[in-house]
Amino acid sequence: MKSCISTYSFYRLYGENFTLFDAIEQTKKLGCDGVEFVLNDNPPAGYTVRDYALALTERAHSLGLEVPIYTTDANFFTPDPASEAERLKKHIDAAAECGIKLLRHDVAWSYYDGYEGVKTYKAVIDYVAPYISEVADYAKSVGVKTCSENHGRLMQDSGRMLELFYKVNNPNYGLLCDMANFGGVDEDTSVAVSALLDLIVHVHAKDVFVRSGMSYDPGEGFSRSRGGNFRRSTIFGHGDIPTFQILSAIKASGYNGYVSLEFEGIEDVMQAVSIGTRNIQRMIKDLDAK
């Protein structure tokens with residue numbers, strides 16, 4: 001496996017004095033093999049989405065970094081999912097022009113205003129699956145594979161993800177496995193990951209502190225899981241997620257791709273990204289030595 005950093009890890013630093021280009025530089029300084037771009041519909045002034053992606057890719061390649069995945073947002077559970085599919089195709093075109101072979105998009109976040117159907121995740125899956133498959137087919141035509149991540153509460157459980165992939169039923173669509181996110185819906189993270197090993201096309205390395213919902217609210221930085229437990233993102237390797245166990249299972253499944261650090265904690269960003277990246281690299285080295 002190879003180490004990578006998601007540009008999202010630096011989100012608290014972005015502004016006039018720190019940009020995605022700086023994030024790429026930091027990723028190189030930390031000895032990573034690749035960098036994951038997180039882009040949306042609003043590039044900086046003077047850029048189109050395409051031009052911005054190309055400029056970032058050029059900077060990464062000039063430093064010897066690969067760009068294994070292009071990450072962007074999406075929500076197919078809307079009154080007009082066809083328009084969302086068309087919007088997403090523009091990002092797929094940008095990824096294809098950059099030579100990025102994998103694109104991650106979201107699935108759904110919540111029931112939209114005015115939705116009058118039965119509120120079950122199965123109804124959501126039935127609604128969004130055809131559009132996800134359409135997007136995957138389009139991506140295949142330009143040499144890109146699509147994937148979605150286990151997050152958003154509505155489509156976060158391992159069982160729900162399995163049902164989604166069964167319904168989409170498209171070999172050009174895979175799973176971005178965030179090893180910590182299953183805890184947001186109170187699943188045992190190692191067990192949840194093991195249920196989805198065959199679908200994994202990219203990995204997010206994230207760590208979280210977990211406290212029982214029966215304890216007193218720990219305060220700032222903590223949020224509640226769907227079932228009411230307390231969670232706070234932290235430095236990779238410092239929290240309660242069985243990170244090495246999960247990476248070991250992913251490695252044993254035959255996965256040999258990139259592992260992206262995704263830091264979103266409250267600690268100092270540069271220190272946290274540095275420590276977390278070194279922990280990922282040490283784990284990969286130990287797994288390769290087995």
Side-chain angles (χ1 to χ4, degrees), residues 6 8 36-41 49 53 68-98 100-115 117-178 181-182 184-185 187 192-193 195-204 255 257 260 262:
S6 166
Y8 175 73
E36 173 183 344
F37 295 160
V38 180
L39 304 174
N40 56 34
D41 290 338
V49 168
I69 184 169
Y70 179 122
T71 293
T72 192
D73 59 348
N75 180 14
F76 289 98
F77 198 62
T78 71
D80 188 9
S83 293
E84 183 70 340
E86 291 305 311
R87 185 192 66 81
L88 196 57
K89 289 174 185 178
K90 297 177 182 178
H91 287 281
I92 291 170
D93 288 340
E97 285 203 53
C98 294
I100 303 171
K101 300 300 184 183
L102 185 63
L103 180 139
R104 168 271 199 196
H105 63 75
D106 301 306
V107 174
W109 292 96
S110 61
Y111 300 101
Y112 61 82
D113 290 342
Y115 175 70
V118 178
K119 290 187 175 181
T120 70
Y121 74 88
K122 289 180 181 291
V124 176
I125 289 173
D126 289 343
Y127 189 92
V128 304
Y131 300 97
I132 292 173
S133 188
E134 174 192 336
V135 167
D137 284 338
Y138 179 82
K140 184 177 181 180
S141 74
V142 294
V144 175
K145 185 166 186 167
T146 59
C147 62
S148 294
E149 184 176 348
N150 51 308
H151 72 171
R153 295 290 176 93
L154 192 57
M155 294 303 307
Q156 193 160 326
D157 318 56
S158 59
R160 295 184 185 189
M161 295 298 289
L162 280 171
E163 290 191 45
L164 172 67
F165 281 92
Y166 178 78
K167 188 71 175 183
V168 173
N169 194 28
N170 193 312
N172 200 51
Y173 179 60
L175 171 72
L176 191 161
C177 177
D178 186 302
N181 278 357
F182 291 111
V185 290
E187 283 196 275
V193 171
L196 296 163
L197 289 172
D198 292 339
L199 300 173
I200 296 174
V201 295
H202 193 78
V203 176
H204 273 176
Y255 179 81
S260 291
E262 188 180 63

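One-based numbering along the sequence shown. Just the heavy atoms: all of them, side chains too, but no hydrogens, waters or symmetry mates, feed the values below. What you are looking at is a predicted structure, and each value in this text was computed from that prediction instead of being measured.
- Every side-chain hydrogen bond (donor to acceptor under 3.5 Å, both in side chains) that Glu163 has, sequence neighbours left out, goes to Tyr121, Lys122.
- Looking only at side-chain heavy atoms (C-beta outward), Tyr70 and Val144 stay at 4.5 Å or farther from each other.
- Summarising the geometry of Gly143 relative to Lys101, their closest heavy-atom pair is O-CD, 3.5 Å, with the distance given to 0.1 Å.
- Counting heavy atoms of neighbouring residues, nucleotides and ligands inside a 6.0 Å radius, atom CG of Asp198 does not exceed 12 of them.
- Contact record, Ala94 with Ala53: CB-CB, 4.4 Å, taken as the closest heavy-atom pair.
- Other residues, nucleotides and ligands contribute at most 12 non-hydrogen atoms within 6.0 Å of the CG atom of Asp113.
- What you find for Glu262 and Asp178 is that their closest heavy atoms are OE1-OD2, 3.1 Å.
- Taking Arg87 as the reference, Asp41, Glu84 meet the side-chain hydrogen bond (donor to acceptor under 3.5 Å, both in side chains) condition, with sequence neighbours excluded.
- Within 6.0 Å of NZ in Lys89 there are more than 12 heavy atoms belonging to other residues, nucleotides or ligands.
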- Message: Pair Arg104, Glu36 - check side-chain contact (heavy atoms from CB on, under 4.5 Å), show working.
- Response: CA-CA 10 Å; Arg104 168 271 199 196; Glu36 173 183 344; 5.7 Å; no
- Query: Between Glu149 and Asp106, does a side-chain contact (heavy atoms from CB on, under 4.5 Å) hold up when you go through it step by step?
  - Reply: CA-CA 7 Å; Glu149 184 176 348; Asp106 301 306; 5.5 Å; no
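- Here the closest heavy-atom approach between residue Val107 and residue Ser148 is recorded as CG2-OG, 3.4 Å.
- Here Arg160 contributes atom CZ and Ile125 contributes atom CD1; the two are 8.0 Å apart, rounded to the nearest 0.5 Å.
- Residues Val193 and Cys177 are in side-chain contact: their nearest non-hydrogen atoms beyond the backbone lie under 4.5 Å apart.
- Residues satisfying the side chain to side chain contact (heavy atoms under 4.5 Å, CB included) criterion with Tyr111, sequence neighbours excluded, are Phe77, Tyr115, Lys119, Val124, Leu154.
- Under the rule for a side chain to side chain contact (heavy atoms under 4.5 Å, CB included), the partners of Ser133 that lie at least two apart in sequence or sit in another chain are Asp137, Val168, Asn170.
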- Does the side-chain contact (heavy atoms from CB on, under 4.5 Å) test come out yes or no for Leu164 and Ile132, once each step is laid out? CA-CA 10 Å; Leu164 172 67; Ile132 292 173; 4.0 Å; yes
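- Atoms CG and CG, on Leu88 and Asn75 in that order, are 11.5 Å from each other to the nearest 0.5 Å.
- Between the OG atom of Ser260 and the CG atom of Leu176 there is a distance of 7.5 Å, given to the nearest 0.5 Å.
- The SG atom of Cys98 sits 11.0 Å away from the CG atom of Asp93 when rounded to the nearest 0.5 Å.
- Atom OG1 of Thr72 sits about 13.0 Å away from atom CZ of Phe37, to the nearest 0.5 Å.
- Counting only residues at least two apart or on different chains, the ring-ring contact (aromatic ring centres under 6.0 Å, His included) pairs with a member in residues 131-172 are Trp109-His151, Phe165-Tyr173.
- Residues meeting the salt bridge (charged side-chain N to carboxylate O under 4.0 Å, His left out) test with Glu187, sequence neighbours left out: none.
- Scanning all heavy atoms of the two residues, the minimum distance from Asn150 to Gln156 falls at O-CG, 3.4 Å.
- Scanning both residues, Met155 and Met161, for their nearest heavy atoms gives O-SD, 3.2 Å.
- If you take OG on Ser6 and CD1 on Ile69, they are separated by 9.0 Å, rounding to the nearest 0.5 Å.
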